[in-house]
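Below, read A as the first sequence line, B as the second, and so on, with proteins coming before strands; counting in each chain starts at 1.
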Amino acid sequence: MKLLVCVSKTPDTTSKIAFTSENTEFDSSGISFIMNPYDEWYALVRALELKEQVGAGTVTIINVGPAANDTVIRKGLAIGADEAVRVDSDPKSAFFVAKQIAAYAQEQGFDAIFLGKETIDYNGSEVGAMVAELMDLPFVSYGTNLEMNGNLATIERDIEGGTEVLEVATPFVLSAAKGMAEQRIPNMRGIMMAKRKPLNVIPAVECNDPSTVSLYELPPAKSAVKMVDPENMDELVRLLHEEAKII
Amino acid sequence: MVLVFVENQKGGFKKSAFEVVTYGKKIAASMGTECAALVFGTVSDAGSLGTYGASKVYQIENDTLNHFDSQVHSNVIAQAAEKLGAKVVVMSHSSAGKSLLGRVAVRLNAGSVAGVNSIPTLDGGFKVRKNVFSGKAISEYQINTDVKVLSLMGNSLQPEESGAAAEVASLELEVPASKITVKEVKTIEGTVPLPEAELVVSAGRGMKGPENWGIIEDLANVIGATTACSRPVADTGWRPHHEHVGQTGVAIRPNLYFAIGISGAIQHLAGVNSSKVIVVINKDPEAPFFKAADYGVCADLFDVVPRLTEALKKYKAS
Ligand SMILES: Cc1cc2nc3c(=O)[nH]c(=O)nc-3n(C[C@H](O)[C@H](O)[C@H](O)COP(=O)(O)OP(=O)(O)OC[C@H]3O[C@@H](n4cnc5c(N)ncnc54)[C@H](O)[C@@H]3O)c2cc1C
Ligand SMILES: Nc1ncnc2c1ncn2[C@@H]1O[C@H](COP(=O)(O)O)[C@@H](O)[C@H]1O
């Protein structure tokens, strides 16, 4: 089984968010970056498990980004991916990223392409659908469980107020959510081996950005919390009704 | 024109459907054009979308469309948009919408923005806003293409009634075969699903154990709220996984969020800090959640939650 896992780099959730260049650029100074949790914990680990089940195949990870992303890519190799590809660029839109992934995947031919359900920075959840459309493949989003039987996949996915179980044959694109797998912590041996695994850097294919961020803003500061006397819950109800007008 | 793709649930519309139509109507008004709605499948009262501003409703009835397949649905939506000459296509930022947005955008060579929460401005380019970095910032996107595709974050605006029922017409479109076989759809009956809930009562490890959840359910029941929980609570099996909110669970933005016995770790806040009003009940005055709260009660939850439930009952009865 030949699997492709798309991994992105995001600021750690605990990061303080700030902007530069008159609020048009994200300020990455002092930010610690991590592999997007959905990509790492769910998409990548499930791909590795499938390969282990079958006992054959390869798991390739792909990232679209600059050389600074190599640390995150190496972590993916340490967790167990066989090889990695980085499309050298500084992406500004989901479409640009999707176009690069689709171009590479089209050329290589994969049985399945795994992504995370969304990146935790821009919360787009756009890349997977775009890759699928560019390659004219079925796309299953928010997968929480996946079993393969030959070339037929049975996937459970989250929908509003429930779940859906479906079947789809390879090749397909899948975005992974909680439930798909359990996080794996890379061990020392994995980290050592990752240094020797191939990380191929390839140039980006040409692509315009159909949409770009024009401005950032911080949300208005939250006013201080109003403490309510625990002995007086009628007062809390009154505030929710009269002041917050919520009940 | 503005074309709004409207989802139905078992032939009926939910509030999110009226939100997207209201949103589409507002965009259409600012562009000086009409807003039309597109619905798939058998819907008893498709014309009712006119009340929220759709000047016409196109209804495509075809068995293949009864099951969701992003490949099929996006193809048909794009055909409709092309046939009608839509300049803006709008949908919900729902599980379906998230799988469709990117596909429809690619098909239409359109720029897209997912999960928007503002009316676009047209001065010096088409610009629209959304929350990013788990609600820690807002970003404004500029879309540079002729056609634009947007998905609207739930609970971003209130549905507004602005007209009468609309004419329902059909469109001649080709529906391709689906490569996905839906085997089963399991729905959790009874409560409003978390992403759509306007009132949420959520509890954390401060509850001590699953056997204590009765007081949380009682509180939720008096106000018709949906229950949620923090991650360790779902991980240890005290509550079902679908209740887990936060960065790695469901992101929600209800009107009212009760956080009971939850410390307010940043990863938890990431999924709930867009809630309009947050009430925190915690016995630790230093709990970080108080900084993100509108109202706080510093007390033992086992003592205060039942009394809050009583106070709400009294209010409901008056
Ligand atoms: C990458 C990553 C992702 C994560 N994603 C999520 C996520 O999506 N969602 C999430 O929730 N967490 C997430 N977490 C975990 C998060 O960091 C916290 O550990 C978690 O939210 C803590 O849950 P809690 O508040 O229920 O428990 P605790 O931190 O144990 O807090 C319990 C609280 O209850 C209070 N309390 C105890 N007894 C009482 C009482 N009798 N009366 C009143 N108050 C009482 C305590 O004062 C305390 O504040 C993530 C962590 C990581 C590292
Ligand atoms: N720069 C990138 N390189 C590789 N994969 C990416 C990149 N950005 C996003 N992805 C993948 O696309 C998924 C959805 O991202 P997004 O549409 O940005 O929310 C992520 O979980 C990743 O799997």
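Only the backbone of B:N131 comes within less than 4.5 Å of a heavy atom of chain A; no side-chain atom from C-beta onward does. For chain B, no part of A:N23 is nearby; none of its heavy atoms comes within less than 4.5 Å. In this structure, the portion of B:A292 lying under 4.5 Å from any heavy atom of chain A is its backbone and not its side chain. Contacts between A:R157 and chain B at a heavy-atom distance below 4.5 Å involve the side chain alone, from C-beta outward. Within the 4.5 angstrom heavy-atom criterion, only side-chain atoms of A:V140, from C-beta onward, approach chain B. At a 4.5 Å heavy-atom cutoff, the contact between A:F139 and chain B is made by backbone and side-chain atoms alike. In this structure, chain A has a heavy atom under 4.5 Å from the side chain of B:L101, while its backbone stays farther away. Both the backbone and the side chain of A:P138 come within contact range of chain B, judged by heavy atoms closer than 4.5 Å. In this structure, chain A has a heavy atom under 4.5 Å from the side chain of B:K127, while its backbone stays farther away. At a 4.5 Å heavy-atom cutoff, the contact between A:I17 and chain B is made by side-chain atoms alone. With a threshold of 4.5 angstrom between heavy atoms, A:S223 approaches chain B through N, CA, C or O but not through any side-chain atom. Looking at B:V104, there are no atoms closer than 4.5 Å to chain A (heavy atoms on both sides), in backbone or side chain. With a threshold of 4.5 angstrom between heavy atoms, A:Y142 approaches chain B through side-chain atoms but not through N, CA, C or O. Neither the backbone nor the side chain of B:H67 comes within contact range of chain A, judged by heavy atoms closer than 4.5 Å. For a residue to count as touching a neighbouring chain, one of its non-hydrogen atoms must lie under 4.5 Å from one of that chain's; by this rule A:K99 does not touch chain B. For B:V185, the parts sitting under 4.5 Å from any heavy atom of chain A are the backbone and the side chain alike. Residue A:L236 touches chain B through its side chain alone, counting heavy-atom pairs closer than 4.5 Å. Of the atoms belonging to A:E156, it is side-chain heavy atoms, and not backbone ones, that fall under 4.5 Å from chain B.
Shown are A:L137, A:L3, A:D111; of these, the side chain to side chain contact (heavy atoms under 4.5 Å, CB included) with A:T170 is made only by A:D111.
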Test log, rule ring-ring contact (aromatic ring centres under 6.0 Å, His included), inputs B:F133 and A:Y122: CA-CA 6 Å; B:F133 299 105; A:Y122 293 94; 5.2 Å; yes
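Side-chain atoms of B:I281 and B:F289, non-hydrogen and from C-beta on, never get closer than 4.5 Å to each other. Side chains of B:V304 and A:M233 form a contact here, defined as non-hydrogen atoms less than 4.5 Å apart.
Shown here is A:K222, whose NZ atom has more than 12 heavy atoms of other residues, nucleotides or ligands within 6.0 Å. By the neighbour-count criterion of 12 heavy atoms within 6.0 Å, atom CG of A:N208 is sparsely surrounded, having that number or fewer from other residues, nucleotides or ligands.
Between A:F19 and A:Y216, the ring planes lie parallel to each other; the angle is under 30°, not in the 30° to 60° tilted range.
In this structure, A:K75 pairs ionically with A:E40, as a charged nitrogen and a carboxylate oxygen lie closer than 4.0 Å. The existence of a salt bridge linking B:K183 and A:E164 is excluded, since no basic side-chain nitrogen approaches an acidic carboxylate oxygen closer than 4.0 Å.
In this structure, B:I180 CD1 and A:L166 CG are separated by 5.5 Å, a value rounded to the nearest 0.5 Å.
Checking B:S94 against B:E7 by side-chain atom types alone, a donor-acceptor pair falls below 3.5 Å. Side chain to side chain, A:E147 and A:T154 fail the donor-acceptor criterion of an N or O pair below 3.5 Å. Under 3.5 Å, the side chains of A:D121 and A:T10 contain no donor-acceptor pair of N or O atoms. In this structure, a donor-acceptor pair under 3.5 Å is absent between the side chains of B:T121 and B:D123. A side-chain donor-acceptor contact under 3.5 Å links B:S95 and A:E160. Checked by atom type, the side-chain pair A:N36/A:D39 shows a donor-acceptor distance below 3.5 Å.
Heavy-atom pairs under 4.5 Å with chain A were tallied for B:C298, B:A265, B:S112; the largest tally goes to B:S112. With chain A as the partner, the residue from B:H242, B:R307, B:K314 showing the most heavy-atom pairs under 4.5 Å is B:R307. No other option in A:S15, A:A177, A:A94 has as many heavy-atom pairs under 4.5 Å with chain B as A:S15. Your options are A:G161, A:P219, A:G162, A:S141, and the one with the most heavy-atom pairs under 4.5 Å with chain B is A:G161. Counting heavy-atom pairs closer than 4.5 Å to chain A, the top-ranked of the candidates B:Q267, B:E196, B:R129 is B:R129. Ranked by non-hydrogen atom pairs under 4.5 Å with chain B, the options A:V168, A:L218, A:T13 are led by A:T13. Listed options A:A244, A:P230, A:S175 were ranked by heavy-atom pairs under 4.5 angstrom with chain B; first place goes to A:P230. Considering only heavy-atom pairs separated by less than 4.5 Å from chain A, the leading option among B:A293, B:G135, B:G111 is B:A293. Per-residue counts of heavy-atom pairs under 4.5 Å with chain A were compared for B:V297, B:D303, B:V72, B:I278; the largest is that of B:V297. Counting heavy-atom pairs under 4.5 Å between each of B:E310, B:K316, B:E198, B:K130 and chain A puts B:K130 at the top. No other option in A:E235, A:R238, A:E126 has as many heavy-atom pairs under 4.5 Å with chain B as A:E126.
By the 6.0 Å and 45° rule, A:K9 stacks over the aromatic ring of A:F33.
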